[in-house]
Each structure stands twice: as structure tokens, then as C-alpha cells.
Amino acid sequence: MKEEKEKLRLDKYLWSIRIFKTRAQASEACEKGRVRLNDAPVKASRNVNVGDTYAVKTNDRKWLIQVSGLLDHRVQHSEAIKYYIDLTPEEEKEKIQMQAASFYTGKRLSKTGRPTKKQRRNLDEFKDDV
């Protein structure tokens, strides 16, 4: 793994391990009290240490992560997951999967709904014959 740095800001760490899309979103979450260490809100400027456990609430889900390594730049997801341990309870993970499975995409099923152009032509021909 990469050589660990002495100091790393919390907002930069949360951004680099891909919990948040931008560092500004990570800072905002810290300001609003959505990031907690031992049930106490933490500031974005707090230094991250290996072994710390953070409870993070995002728009999509709740995370419970333990820091296993320090990462100061953004890398691909498969690399980023090596720098934290996801301690999120199984109930929360199942809840997220249920929501994703029940999500309606807006696409209609094949052969249902409005008729296709060919079906409309056939219907018009049928009406003219009657």
C-alpha cells in the first residue's frame, strides 16, 4: 500500500474513498453533523487516524466505516475500498438492496401501453374496412 501520511483532513479522506462525490459535499456533511465519531459530530478539518470509526449519513444510505489506511487522493473504487472497513449493519444493507430492487425505471414492458406505428396502421386499416 501507499506510504501513510501524518495528517489528513476528514473531508479529504471521505472524498478520496468515494463516500462523497465532491470534497465540498463532504465538508457540508461535516458542518451539518452528518459525520460522527463516537456519537459526537466532527469538523471537516479533523485529522483522520487509522482505527477511527465514523458514522456517515449520506442522501443514499448510512455508513459505518473504520479507517484501515490513509488515502489523500481519489482513486478508482476497487482501490478505494482497501482503505476502509465497512461495518454497516446487515439490516441497513438489505434495506438499500430492497429499495434498489423496487425502483421503477420508467420503462414500459414490451408489447404493452401505446400501440406501435405498425399496430396503428393495422388498426386504421381494420377501422376503414368496417
Side-chain angles (χ1 to χ4, degrees):
M1 280 198 212
K2 187 178 181 236
E3 178 183 321
E4 294 183 3
K5 295 211 172 216
E6 292 283 325
K7 293 182 180 181
L8 179 63
R9 288 175 54 106
L10 178 60
D11 60 343
K12 191 170 185 178
Y13 176 75
L14 293 174
W15 165 76
S16 65
I17 63 168
R18 297 182 169 268
I19 301 291
F20 293 99
K21 286 186 178 183
T22 65
R23 190 167 166 189
Q25 287 176 342
S27 289
E28 183 181 347
C30 292
E31 287 175 14
K32 292 184 176 180
R34 294 182 181 147
V35 181
R36 298 179 163 271
L37 174 66
N38 300 328
D39 291 329
V42 292
K43 292 184 177 183
S45 61
R46 177 180 174 77
N47 288 332
V48 178
N49 299 313
V50 175
D52 287 351
T53 303
Y54 293 98
V56 182
K57 186 177 180 182
T58 63
N59 293 338
D60 301 329
R61 64 180 273 196
K62 294 177 185 173
W63 297 78
L64 187 61
I65 59 169
Q66 182 177 8
V67 180
S68 61
L70 300 178
L71 181 64
D72 65 341
H73 61 280
R74 199 161 169 97
V75 293
Q76 61 185 356
H77 176 73
S78 59
E79 287 294 315
I81 59 175
K82 296 176 184 175
Y83 292 90
Y84 69 92
I85 301 168
D86 190 1
L87 303 173
T88 307
E90 289 298 319
E91 308 87 49
E92 185 67 29
K93 290 179 183 178
E94 289 174 6
K95 181 179 164 186
I96 298 299
Q97 289 177 348
M98 292 282 287
Q99 287 176 346
S102 66
F103 183 68
Y104 178 67
T105 61
K107 294 183 179 179
R108 67 179 183 88
L109 297 173
S110 178
K111 311 249 190 298
T112 62
R114 294 178 59 179
T116 63
K117 191 172 185 178
K118 182 177 179 183
Q119 290 170 338
R120 280 196 313 268
R121 274 191 251 121
N122 291 339
L123 189 59
D124 289 341
E125 287 176 12
F126 176 74
K127 287 181 180 179
D128 289 339
D129 290 344
V130 177

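Values below: every heavy atom of this structure, side chains too, minus hydrogens, waters and symmetry copies.
The distance from atom CD1 of I85 to atom OG1 of T53, rounded to the nearest 0.5 Å, is 8.5 Å. Rounding to the nearest 0.5 Å places NZ of K21 at 9.0 Å from CZ of R74. Remark: S16 OG to H73 NE2 distance equals 8.5 Å, nearest 0.5 Å. The distance from atom CG of D52 to atom CD1 of I65, rounded to the nearest 0.5 Å, is 10.0 Å. In this structure, K62 NZ and E91 CD are separated by 11.5 Å, a value rounded to the nearest 0.5 Å. Expressed to the nearest 0.5 Å, how far CG of D11 lies from CD of E31 amounts to 9.5 Å.
Side chain of Q119 to backbone of T116: a donor-acceptor contact under 3.5 angstrom is found. Remark: the backbone N or O of A40 is not paired with any side-chain donor or acceptor of N38 at under 3.5 angstrom.
In this structure, a donor-acceptor pair under 3.5 Å is absent between the side chains of T58 and D60.
Nearest heavy atoms, V35 versus L14: CG2-CD1, 4.0 Å. Closest of all the heavy-atom pairs between W15 and D72 is CZ3-O, 4.4 Å. When all heavy atoms are compared, the tightest approach of K43 to C30 is C-CB, 4.1 Å. Residue N47 comes nearest to Y54 through the heavy atom pair O-OH, 4.1 Å, listed as atom of the first residue, atom of the second, then distance. L71 and L8 get closest at one heavy-atom pair: O-CD2, 3.3 Å. Among all heavy-atom pairs drawn from S68 and Y13, the shortest one is N-OH, 4.4 Å.
In terms of hydrophobic clustering, with Ile, Leu, Val, Met, Phe, Trp and Tyr side chains grouped at heavy-atom distances under 4.5 Å, L64 and I81 are assigned to different clusters. Under the 4.5 Å side-chain heavy-atom criterion for Ile, Leu, Val, Met, Phe, Trp and Tyr, W63 and L37 are members of the same hydrophobic cluster.
Crowding of D124 atom CG: a count of heavy atoms from other residues, nucleotides or ligands under 6.0 Å exceeding 12. Around the NZ atom of K93, the shell of radius 6.0 Å holds more than 12 heavy atoms that belong to other residues, nucleotides or ligands. Sparse packing is recorded around CG of D39, with 12 or fewer heavy atoms of other residues, nucleotides or ligands lying under 6.0 Å away.
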TODO: Show your working on side-chain contact (heavy atoms from CB on, under 4.5 Å) between V56 and F20 and close with a plain yes or no.
DONE: CA-CA 10 Å; V56 182; F20 293 99; 3.8 Å; yes
Open item on the list: Could you go through V50 and L70, starting from their C-alpha distance and side-chain angles, then the distance that decides it, and tell me whether this counts as side-chain contact (heavy atoms from CB on, under 4.5 Å)?
Closed with: CA-CA 7 Å; V50 175; L70 300 178; 4.2 Å; yes
